[in-house]
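Questions regarding the structure given below will be posed in turn.
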Amino acid sequence: YQRRVHGKQWYQRRVHGKQWYQRRVHGKQWYQRRVHGKQWYQRRVHGTVTSLILCPESWNVDEAKLDKLQAQSKGTSGGMTGGRAYIITELSSQDVCGIFTERISTSAREIVTLRRKGAIETLVRELREREQAYLVSPNKLKEMKLSEMKINSLEVASTINDKKELKEALAMSPCHDSPGLADSYREVRRRQHLRERITQLSYAVSDNNIWLIKEFDQRIKVLQELCYIDDRDNSVQLKGRCACEVSTCDELIVTELIFENVFTDLEPEDCVALLSCLVYQKKGGMDESYEFPEELVKAKEKLDAITETLGNVQCKLGLDILPAEYKRDSIKPAMMHVVREWARGRPFKDICPYTEEQEGTIVRCIMRLDETCRGCKNAARAIGDQLLQEKMEEASEMIKRDIVFAASLYIE
């Protein structure tokens with residue numbers, strides 16, 4: 001009865017409680033941030049911990065450097081107390097060199113959250129005393145054993161043991177106590193950085209960096225098969241220069257239409273109607289009720305045959321293309337009658353009832369058609385076809401008019 005009257009959500013909150021409901025609705029991460037706080041969540045997710053760092057005297061840190069550090073690093077603060085600088089910032093697990101058994105009793109809330117000066121001064125004083133004791137007797141500070149850390153992960157335990165062995169090997173190295181260790185380490189680090197950079201650049205210019213190298217080689221073979229590039233030195237041929245001028249639709253189909261002289265017997269308005277099959281993006285067939293000229297119908301049949309041939313060539317040379325799908329995805333003739341009537345001078349309000357598409361889709365299609373006509377005009381110029389160049393220029397002028405190409409609908 002309660003679930004039926006008050007609803008399922010109300011029933012879940014009443015039976016399981018508010019906390020259970022919040023975790024279920026908002027997710028575990030949202031609940032953890034709300035209950036434990038943002039800092040706890042950052043430490044758990046990103047593996048960071050808020051730490052107070054006592055800066056060594058060799059760093060020569062002054063108030064100017066602290067101000068610059070606080071301006072560059074968000075969430076970092078610092079100050080001077082007793083002649084020593086300290087920094088409060090977030091550290092990742094990679095920044096921690098070791099965990100020691102000795103503890104200092106303090107209030108993390110007063111230091112991290114409230115940033116009370118008295119608590120910070122007390123902690124810095126304690127750290128300085130530990131520092132002096134460590135310099136006098138380095139063995140006084142003992143690192144926490146693995147069993148005391150209560151770590152159950154085998155991977156973490158193995159990493160800690162590896163680190164311990166590396167520290168022992170470092171202490172036995174003859175360079176460990178060398179006075180020029182810092183300069184030598186800086187030089188070795190610079191060389192290692194250069195080696196890594198050389199490796200990255202070598203990989204960047206290699207064939208291994210090209211994920212689609214196989215598809216790239218297959219498309220090169222397609223261009224060679226269709227005589228767009230030379231099969232000996234891959235130099236660009238006449239059909240390749242023609243295809244370079246087209247960018248708003250499938251370059252191969254438009255180039256084959258030009259070289260098959262499909263546009264020769266068509267009027268300018270029929271040319272843009274045929275090109276709309278390649279520009280329009282949505283599915284749909286030709287309007288059977290509209291009377292298309294016989295030349296345009298034959299040109300549409302040639303377009304289908306050319307597209308099917310291109311699909312077969314690409315499939316034969318190894319590309320993951322099915323000829324039927326390639327034809328279906330490339331040719332969408334639903335806008336042919338709309339574009340043709342617009343090119344013949346019909347007003348925009350009269351062509352809108354010809355299709356169920358919104359006015360913005362019609363405008364976008366016609367504007368892309370104008371770019372395609374200019375691309376075909378440049379392609380005709382590249383191959384020296386003066387008649388096609390003039391026809392495409394006329395077609396572009398026929399559709400580039402009225403509200404479709406208005407500079408602003410609020411002004412004109």
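All of these numbers come straight from a predicted model, not from anything done at the bench.
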Tell me, with the steps shown, if I306 and V262 meet side chain to side chain contact (heavy atoms under 4.5 Å, CB included). CA-CA 10 Å; I306 288 173; V262 176; 4.2 Å; yes
Please name the pair of heavy atoms, one in M336 and one in A273, separated by the smallest distance, quoted to 0.1 Å.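 Shortest heavy-atom separation between M336 and A273 comes out as CG-O, 3.4 Å.
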Atom pair CD1/OG1 of I111 and T106 - distance to nearest 0.5 Å: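 With rounding to 0.5 Å, CD1 (I111) is 3.5 Å from OG1 (T106).
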Is there a side-chain contact between N60 and K65 in this structure, where contact means two heavy atoms from C-beta onward sitting under 4.5 Å apart?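 With C-beta onward as the side chain, the pair touches.
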Taking only residues two or more places apart in sequence, or in another chain, which ones meet E341 in a side chain to side chain donor-acceptor pair (under 3.5 Å)?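 In terms of side chain to side chain donor-acceptor pair (under 3.5 Å), with neighbours along the sequence ignored, E341 is linked to Y290, R344, R346.
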Take D230 and Q224 through the side chain to side chain contact (heavy atoms under 4.5 Å, CB included) test and state the conclusion after the steps. CA-CA 6 Å; D230 189 80; Q224 292 174 348; over 6 Å; no
Return the minimal non-hydrogen interatomic distance between C175 and L181, and the atom names on each side.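 Looks like O-CD1, 3.4 Å.
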Can you check whether S235's main-chain N or O pairs, donor with acceptor, with Q237's side chain at less than 3.5 Å?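 Present.
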E301: which residues meet the side-chain contact (heavy atoms from CB on, under 4.5 Å) condition with it, sequence neighbours left out?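 side-chain contact (heavy atoms from CB on, under 4.5 Å) check on E301 returns V297.
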CG of L226 to NZ of K239: how many Å apart, nearest 0.5 Å?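 Atom-to-atom, L226:CG and K239:NZ are 5.5 Å apart.
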Looking at side-chain heavy atoms only, is the closest gap between I120 and K117 below 4.5 Å?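 Of all side-chain heavy-atom pairs linking K117 with I120, none is under 4.5 Å.
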Would you give the length of the straight line joining atom CG of L223 to atom CD1 of I229, rounded to the nearest 0.5 angstrom?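 Taking CG in L223 and CD1 in I229, the distance rounds to 5.0 Å.
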Quiz: residues 355-363 side-chain donor-acceptor pairs under 3.5 angstrom, not counting sequence neighbours:
| unit_1 | atom_1 | unit_2 | atom_2 | d |
| --- | --- | --- | --- | --- |
| T355 | OG1 | E357 | N | 3.2 |
| E357 | OE1 | K282 | NZ | 3.2 |
| E357 | OE2 | Y280 | OH | 2.8 |

Worked check of side chain to side chain contact (heavy atoms under 4.5 Å, CB included) between D250 and Y326: CA-CA 11 Å; D250 195 309; Y326 178 73; 2.9 Å; yes
Where L275 and C373 come nearest, the two heavy atoms and their spacing: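 Closest approach of L275 to C373, heavy atoms only: CD1-SG, 4.3 Å.
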Is the charged tip of K142 near the ring of F100: under 6.0 Å from the six-membered ring centre and within 45° of its axis?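 Checked: cation-pi criterion not met.
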Does any part of the side chain of L91, heavy atoms only, come nearer than 4.5 Å to the side chain of I53, both counted from C-beta?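 Contact flag for I53/L91 side chains = yes.
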Evaluate whether atom NZ of K221 has more than 12 neighbouring non-hydrogen atoms of other residues, nucleotides or ligands under 6.0 angstrom away.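 Result for NZ/K221: open.
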C376 and L388, any side-chain heavy atoms less than 4.5 Å apart: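 They are not in side-chain contact.
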Specify the closest pair of heavy atoms between I399 and F405, including all atoms of both residues, with the distance to one decimal.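 Taking every non-hydrogen atom into account, O-CE1, 3.1 Å.
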Does one side chain, of N234 or Y228, offer a donor that lies under 3.5 Å from an acceptor on the other?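 No, no side-chain donor-acceptor pair sits under 3.5 Å.
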Determine, step by step, whether K163 and E143 satisfy the salt bridge (charged side-chain N to carboxylate O under 4.0 Å, His left out) criterion, reporting the C-alpha distance in whole Å, the side-chain angles of both residues, the deciding distance to 0.1 Å, and the verdict. CA-CA 12 Å; K163 176 193 157 189; E143 193 167 354; 3.7 Å; yes
Indicate the atoms forming the closest heavy-atom contact of C277 with L303, along with that distance.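 Minimum heavy-atom contact is CB-CD2, 4.0 Å.
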I'd like to check L52 versus L127 (side-chain heavy atoms, cut-off strictly below 4.5 Å). Are they in contact?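 Heavy-atom side-chain distance check passes, below 4.5 Å.
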For residues V272 and A343, report the shortest heavy-atom separation together with the two atoms involved.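 Looking at all heavy atoms of both residues, the shortest contact is CG2-CB, 3.8 Å.
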Could you verify whether a donor N or O on one side chain and an acceptor N or O on the other, from T76 and Q70, lie under 3.5 Å apart?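 Not at all, the side chains of T76 and Q70 share no donor-acceptor pair under 3.5 Å.
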Which residue pairs pass the side chain to side chain donor-acceptor pair (under 3.5 Å) test with at least one member in residues 367-379, sequence neighbours excluded?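 For residues 367-379: T248-T372, D370-R374, D370-S396, N378-R381.
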Does any pair with a residue in residues 118-128 pass side chain to side chain donor-acceptor pair (under 3.5 Å), and if so which ones, sequence neighbours excluded?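 Of all non-adjacent pairs touching residues 118-128, those that pass side chain to side chain donor-acceptor pair (under 3.5 Å) are E126-R130.
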Is there a side-chain contact between V279 and I366 in this structure, where contact means two heavy atoms from C-beta onward sitting under 4.5 Å apart?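 No, side chains not in contact.
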Yes or no on side chain to side chain contact (heavy atoms under 4.5 Å, CB included) for S51 and T89, after CA distance, side-chain angles and deciding distance? CA-CA 6 Å; S51 306; T89 186; 5.8 Å; no
Set of residues satisfying salt bridge (Lys or Arg N to Asp or Glu O under 4.0 Å) with respect to E393, sequence neighbours excluded: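 Checked E393 against salt bridge (Lys or Arg N to Asp or Glu O under 4.0 Å); zero matches.
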Ring geometry between Y354 and H337 (parallel below 30°, tilted from 30 to 60°, perpendicular above 60°):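 Because their plane-to-plane angle lies in the 30° to 60° range, the rings of H337 and Y354 count as tilted.
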How far does NZ of K164 sit from CG of L166, to the nearest 0.5 angstrom?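 Rounded to the nearest 0.5 Å, the NZ-CG separation comes out at 12.5 Å.
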Run the side chain to side chain donor-acceptor pair (under 3.5 Å) test against R109 and tell me which residues pass, sequence neighbours left out.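 Scan of R109 (side chain to side chain donor-acceptor pair (under 3.5 Å), adjacent residues dropped) gives none.
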Passes salt bridge (charged side-chain N to carboxylate O under 4.0 Å, His left out), E215 versus R219? Steps please. CA-CA 6 Å; E215 183 179 350; R219 292 191 180 277; 3.0 Å; yes
Using side-chain heavy atoms (C-beta onward) and a distance below 4.5 Å, is I351 in contact with V339?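 No, every pair of side-chain atoms sits at 4.5 Å or beyond.
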When you measure from the side chain of W342 to the backbone of P347, do you find a donor-acceptor pair of N or O atoms at a distance under 3.5 Å?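 Side chain of W342 to backbone of P347, a donor-acceptor pair under 3.5 Å: no, none is there.
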Distance check, rounded to the nearest 0.5 Å: I253 atom CD1 versus E260 atom CD?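 The CD atom of E260 is 13.0 Å from CD1 of I253, to the nearest 0.5 Å.
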Taking salt bridge (Lys or Arg N to Asp or Glu O under 4.0 Å) as the test, write out the residues that go with D183, two or more places apart.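 By the salt bridge (Lys or Arg N to Asp or Glu O under 4.0 Å) rule, D183 matches R186.
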In chain order, what residues pass the side chain to side chain donor-acceptor pair (under 3.5 Å) check against K300, with sequence neighbours excluded?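 For K300 the side chain to side chain donor-acceptor pair (under 3.5 Å) partners, ignoring immediate neighbours, are D304.
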Would you tabulate the side-chain donor-acceptor contacts of residues 310-322 under 3.5 Å, counting partners in other chains and residues two or more places apart, or write 'none'?
| unit_1 | atom_1 | unit_2 | atom_2 | d |
| --- | --- | --- | --- | --- |
| N312 | ND2 | E308 | O | 3.1 |
| Q314 | NE2 | L310 | O | 3.3 |

Between R84 (side chain only) and C55 (backbone N and O only), is there a donor and an acceptor less than 3.5 Å apart?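 Checking the backbone N and O of C55 against the side chain of R84, a donor-acceptor pair under 3.5 Å is found.
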All side chain to side chain donor-acceptor pair (under 3.5 Å) counterparts of K400, not counting sequence neighbours: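 With neighbours one apart ignored, the set is empty.
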Looking only at atom types and distance, does a side-chain atom of T199 sit under 3.5 Å from a main-chain N or O of R195, one as donor and one as acceptor?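 Looks like yes, one N/O pair under 3.5 Å.
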With a 4.5 Å heavy-atom cut-off, do P353 and D350 have their side chains touching?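 Side chain of P353 against side chain of D350, heavy atoms only: no contact under 4.5 Å found.
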Please list, chain by chain and in numerical order, all residues satisfying salt bridge (Lys or Arg N to Asp or Glu O under 4.0 Å) with R190, sequence neighbours excluded.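 For R190, the residues satisfying salt bridge (Lys or Arg N to Asp or Glu O under 4.0 Å) (neighbours in sequence not counted) are E187.
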Donor-acceptor pair, side chain of K391 and main chain of L266, under 3.5 angstrom: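 It does hold such a pair.
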Should the heavy atoms of other residues, nucleotides or ligands under 6.0 Å from CD of Q200 be counted, would the total exceed 12?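 It does: Q200 CD has more than 12 such atoms within range.
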Distance check, rounded to the nearest 0.5 Å: I383 atom CD1 versus Q389 atom CD?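 Reported to 0.5 Å precision, the distance equals 10.0 Å.
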